Amino acid sequence: MRVYDTEITLPLFLGTAQYPSPAILQEAIAVSRCEVVTVSLRRETVDGTGAAFWDMLRATGTRILPNTAGCHSVQEAVTTAQMAREVFATDWIKLEVIGHADNLQPDVFALVEAANILVADGFKVFPYMTDDLVVGEKLLEAGCQVLMPWGAPIGSGQGLRAPDALRAMRAHFPGVPLIVDAGIGRPSDAVQAMELGMDAILLNTAVARAGDPVGMARAMALAVEAGRAGHAADPIERRDIAVPSTPVLGIAELM
């Protein structure tokens, strides 16, 4: 996948929250072979106690994608993004503007407004959005070069609640990198998303809160590779009736 002139070899982005320990997070990053990790500005505190965490992430050699997690307004998201650029020394930003407290659904109106402001300010925006084609169009018009539709609410582990909507996005935006963000709970969910033609998966809770985070990180890496290979191999169409795999021509007929 190529996004904002950067080549991404393995289509798996990992979040860095909720892990049992920094050591387990570091090992999960290593076994997953992911090249991009997301981190909230809230992990970097004003008194510097987050410095060790930041140093650990830099030691992994991954690219940092700061996010505006927890922001509920345009101003809050823009200010957080600007602060994150200073702290993490990157113009990449995962833009979240939450509109619903229970399901953490994005406020798509505020999202588009914030994206316009940040793109004009030189940011490379990764917008966390719903699976809405019109919203996608507006974000691309704002200058975003990647779209991040949700599979299901953040942390729910429900998998892909609307695969047909994601399939429609893939058809409608054939040249745009699409990253499923939120809802992936199992490796099979990641396979399904990649088989639909998604370019990458971003997940956190599914790995961090698994009984074996390191084992799940490895499984997710294998899943995205299998799904990508399956999509590239052009799977057969689903049929409503059976089709014999053994040729009937030449079968002996008993008279």
Side-chain angles (χ1 to χ4, degrees), residues 1-16 29 32-41 44 54 57-58 60-69 71 74 77-97 106 108 110-133 135-151 166 169-170 172-182 184 190 193-194 196-204 221 224-225 228 231-232:
M1 179 180 69
R2 191 168 187 83
V3 56
Y4 288 118
D5 297 324
T6 298
E7 194 80 26
I8 305 296
T9 303
L10 185 75
L12 177 63
F13 295 20
L14 280 185
T16 57
I29 292 173
S32 72
R33 296 173 287 115
C34 77
E35 299 163 46
V36 180
V37 296
T38 65
V39 60
S40 170
L41 180 66
E44 288 292 310
W54 177 215
L57 286 183
R58 281 189 290 195
T60 66
T62 55
R63 178 150 192 164
I64 304 299
L65 175 60
N67 65 46
T68 62
C71 293
V74 172
V78 169
T79 301
T80 301
Q82 292 169 338
M83 294 172 64
R85 179 165 58 184
E86 296 299 319
V87 171
F88 299 108
T90 178
D91 55 4
W92 280 24
I93 191 72
K94 179 191 168 189
L95 179 60
E96 296 183 28
V97 187
V108 295
L111 179 68
V112 172
E113 183 180 347
N116 273 285
I117 295 170
L118 292 174
V119 170
D121 194 24
F123 282 91
K124 295 178 173 63
V125 177
F126 293 68
Y128 165 59
M129 59 177 291
T130 57
D131 48 23
D132 188 293
L133 299 182
V135 175
E137 292 278 10
K138 297 297 183 183
L139 289 167
L140 295 178
E141 291 171 7
C144 298
Q145 296 181 23
V146 58
L147 299 175
M148 302 181 72
W150 68 348
L166 293 175
M169 287 196 73
R170 179 70 289 166
H172 193 69
F173 303 113
V176 178
L178 299 180
I179 303 173
V180 171
D181 178 14
I184 298 296
M194 297 302 293
L196 289 175
M198 301 296 105
D199 294 285
I201 304 294
L202 193 160
L203 52 84
N204 188 165
V224 296
E225 288 190 308
R228 178 170 61 177
H231 175 72

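Numbers here simply count residues along the sequence, with the first being 1. Bear in mind that the values here come from a model prediction, so they are computed numbers and not experimental data.
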For a quick test of reading the model, state the closest non-hydrogen atom pair linking [X] to [Y] and the distance between them.
| X | Y | answer |
| --- | --- | --- |
| Leu196 | Leu166 | CD1-CB, 4.2 Å |
| Thr6 | Arg63 | OG1-NH1, 3.4 Å |
| Asp131 | Met169 | CA-SD, 3.7 Å |
| Pro106 | Thr130 | CD-CG2, 3.9 Å |
| Thr90 | Arg85 | O-CG, 3.3 Å |

Side chain [X], main chain [Y], donor-acceptor under 3.5 Å:
| X | Y | value |
| --- | --- | --- |
| Asn67 | Ala69 | yes |
| Thr16 | Thr38 | yes |
| Asp199 | Leu178 | yes |

Report yes if some heavy atom in the side chain of [X] is under 4.5 Å from a heavy atom in the side chain of [Y]; otherwise report no.
| X | Y | result |
| --- | --- | --- |
| Val3 | Phe126 | yes |
| Leu202 | Val180 | no |
| Asp181 | Lys94 | yes |
| Leu95 | Phe123 | no |
| Tyr128 | Thr68 | no |
| Leu147 | Pro127 | yes |
| Met194 | Arg228 | yes |

Open item on the list: Applying side-chain contact (heavy atoms from CB on, under 4.5 Å), can you list everything that pairs with Leu10, at least two apart in sequence or on another chain?
Closed with: Leu12, Arg33, Glu35, Ala221, Val224, Glu225
Open item on the list: List the residues meeting side-chain contact (heavy atoms from CB on, under 4.5 Å) with Glu137, not counting sequence neighbours, and say none if there are none.
Closed with: His172, Phe173
Measuring from atom [atom1] of [X] to atom [atom2] of [Y], what distance do you get when rounded to the nearest 0.5 angstrom?
| X | Y | atom1 | atom2 | answer |
| --- | --- | --- | --- | --- |
| Met198 | Met1 | CE | CE | 12.0 Å |
| Ile201 | Ile179 | CD1 | CD1 | 9.0 Å |
| Ile64 | Arg58 | CD1 | CZ | 9.0 Å |
| Gln145 | Asp5 | CD | CG | 7.0 Å |
| Thr60 | Ile29 | OG1 | CD1 | 4.5 Å |
| Ile93 | Leu65 | CD1 | CG | 7.0 Å |

Open item on the list: Run the side-chain contact (heavy atoms from CB on, under 4.5 Å) test on Cys144 and Tyr4 for me, step by step, so that the C-alpha distance in whole Å, both residues' side-chain angles and the decisive distance to 0.1 Å come before the verdict.
Closed with: CA-CA 9 Å; Cys144 298; Tyr4 288 118; 4.2 Å; yes
Open item on the list: Please verify the inter-ring angle class for Phe88 with Trp54; under 30° counts as parallel, over 60° as perpendicular, anything in between as tilted.
Closed with: perpendicular
Open item on the list: Run the side-chain contact (heavy atoms from CB on, under 4.5 Å) test on Leu203 and Leu14 for me, step by step, so that the C-alpha distance in whole Å, both residues' side-chain angles and the decisive distance to 0.1 Å come before the verdict.
Closed with: CA-CA 5 Å; Leu203 52 84; Leu14 280 185; 3.5 Å; yes
